[in-house]
Amino acid sequence: MKRVHNFAAGPAILPQAVLEQAASEMLDWHGSGMSVMEMSHRGKHFVGIAEAAEADLRELMAIPAGYKVLFLQGGATLQFAAIPMNLLRGKTSADYVHTGEWAKKAISEAKRYCKVNIAASAEDKKFTYAPAQSAWKLDPNAAYVHYTSNETIGGVEFHWVPDTGNVPLVADMSSHILSRPLDVSRYGAIYAGAQKNIGPAGLTIVIVREDLIGNALPVTPSILDYKVQADNGWMPNTPATYSVYIAGLVFQWIKKQGGLAAMEKKNTAKAQVLYDFLDQTEFYYSPVAKSDRSLMNIPFRLRNEELDAEFLKQAQARDLLELKGHRSVGGMRASIYNAMPIEGVQALVAFMREFQSKNG
Ligand SMILES: *Cc1c(COP(=O)(O)O)cnc(C)c1O
């Protein structure tokens with residue numbers, strides 16, 4: 001059996017132990033005689049799987065009482081619309097922090113439903129940093145403040161939680177949820193597509209403060225209404241059953257690793273291997289401000305961009321895959337989510353060192 005080093009931004013690497021367990025349970029889940037894929041979402045087997053997955057996520061993230069956890073579909077992109085639809089609550093504007101490609105998409109979708117105030121932007125430096133709180137111009141009458149806590153493409157991560165006073169804080173955490181402990185009580189809502197750090201595509205997680213729901217815009221499709229979802233145990237219709245099951249296995253795997261504090265330790269050590277190397281070579285460089293570098297998505301560039309194609313070709317020959325940067329920014333990017341072992345990062349750096357010595 002062959003397994004490569006997969007640095008894809010998403011869908012992305014999953015823990016091998018989870019894939020092995022899923023394989024062993026594929027035809028007969030726990031003596032049920034069925035694959036999870038074949039089960040009714042209302043039957044006792046799947047309901048048990050769903051309840052365990054939600055309970056494990058609540059435990060891992062220490063989600064306080066008073067928050068609803070919803071396992072939805074449609075990706076983070078559908079949440080770009082669902083957030084204003086649900087959280088405007090009679091208000092007409094929302095604050096958005098513009099930090100790059102994903103923030104841009106969230107902003108343009110929100111503009112369909114409300115006035116968007118750009119509270120801060122990192123456009124002046126090509127989205128290579130996280131604007132400091134002191135630079136945020138917040139509107140006290142905004143319905144909420146939205147930011148992208150980890151910009152997957154730019155590799156910019158907020159290592160601090162913004163203070164928005166009484167205005168609910170909303171975060172797109174798609175690419176770093178579960179990478180470290182988090183104080184959920186600081187947020188009005190958190191959402192994330194699963195295919196980066198949670199599980200397979202098709203599942204989207206929303207964590208939302210209960211007092212904010214129940215006031216969706218009248219045009220909101222009922223399936224996008226958080227209150228409808230919450231009142232029906234996130235099953236007003238069929239959820240992404242198999243993706244929920246795999247996510248549940250990932251939650252159990254993270255618990256076995258020691259939870260989010262242990263993940264943070266591992267993720268910090270992993271990222272440091274690559275950043276330390278980038279900082280001591282002239283051949284490659286990181287375009288991101290040191291204080292705002294992502295632990296999950298690490299863009300880097302070769303000073304001589306004419307070597308990019310050759311770099312990628314030789315990396316691929318070593319089974320170091322999916323290192324091409326996003327088409328909007330170019331260069332390289334290594335995504336090193338929870339499931340990436342440190343050995344994968346070490347193999348990448350060993351190759352980078354060798355490529356440099358041959359071409360530098
Ligand atoms: C991948 C990603 C998205 C889009 O997710 P989909 O599930 O494809 O809609 C949105 N925001 C961030 C930060 C992402 O990384």
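Counting convention: from 1, in listed order, for ligands and their atoms alike.
Residue Ala76 has at least one N or O atom closer than 3.5 Å to an N or O atom of ligand 1. Between Asp172 and ligand 1, at least one pair of N/O atoms sits closer than 3.5 Å.
In summary, the atoms of ligand 1 found under 4.0 Å from a heavy atom of Thr77, numbered by their order in the structure, are 4 (C), 6 (P), 9 (O). Close contacts between ligand 1 and Asn150 involve ligand atoms 13 (C) [criterion: under 4.0 Å to a heavy atom]. In the vicinity of Phe80, heavy-atom distances shorter than 4.0 Å reach the ligand 1 atoms 10 (C).
A side-chain donor from one of Tyr144 and Tyr96 sits under 3.5 Å from a side-chain acceptor of the other. The closest side-chain donor-acceptor pair between His176 and Ser149 falls under 3.5 angstrom. Residues Glu54 and Trp234 have side chains that bring a donor and an acceptor to within less than 3.5 angstrom of each other.
Counting protein heavy atoms only, atom 8 (O) of ligand 1 is closest to Gln195 NE2, 3.4 Å. Regarding atom 1 (C) of ligand 1, its nearest protein heavy-atom neighbour is Lys196 NZ, 1.4 Å. Counting protein heavy atoms only, atom 10 (C) of ligand 1 is closest to Trp102 CE3, 3.3 Å. Given atom 15 (O) of ligand 1, the protein heavy atom at minimum distance is Thr152 OG1, 2.4 Å.
Contacts with ligand 1 closer than 4.0 Å are made by no heavy atom of Tyr191, backbone or side chain.
Under 4.0 Å is where a charged nitrogen must lie from a carboxylate oxygen, and between Glu109 and Lys105 no such pair does.
The number of heavy-atom neighbours closer than 6.0 Å to NZ of Lys227, taken from other residues, nucleotides and ligands shown, is 12 or below.
Under a cutoff of 6.0 Å and an axis angle of 45°, Lys44 and Trp29 do not form a cation-pi pair.
Between Tyr245 and Phe46, the distance separating the two ring centers is not shorter than 6.0 angstrom.
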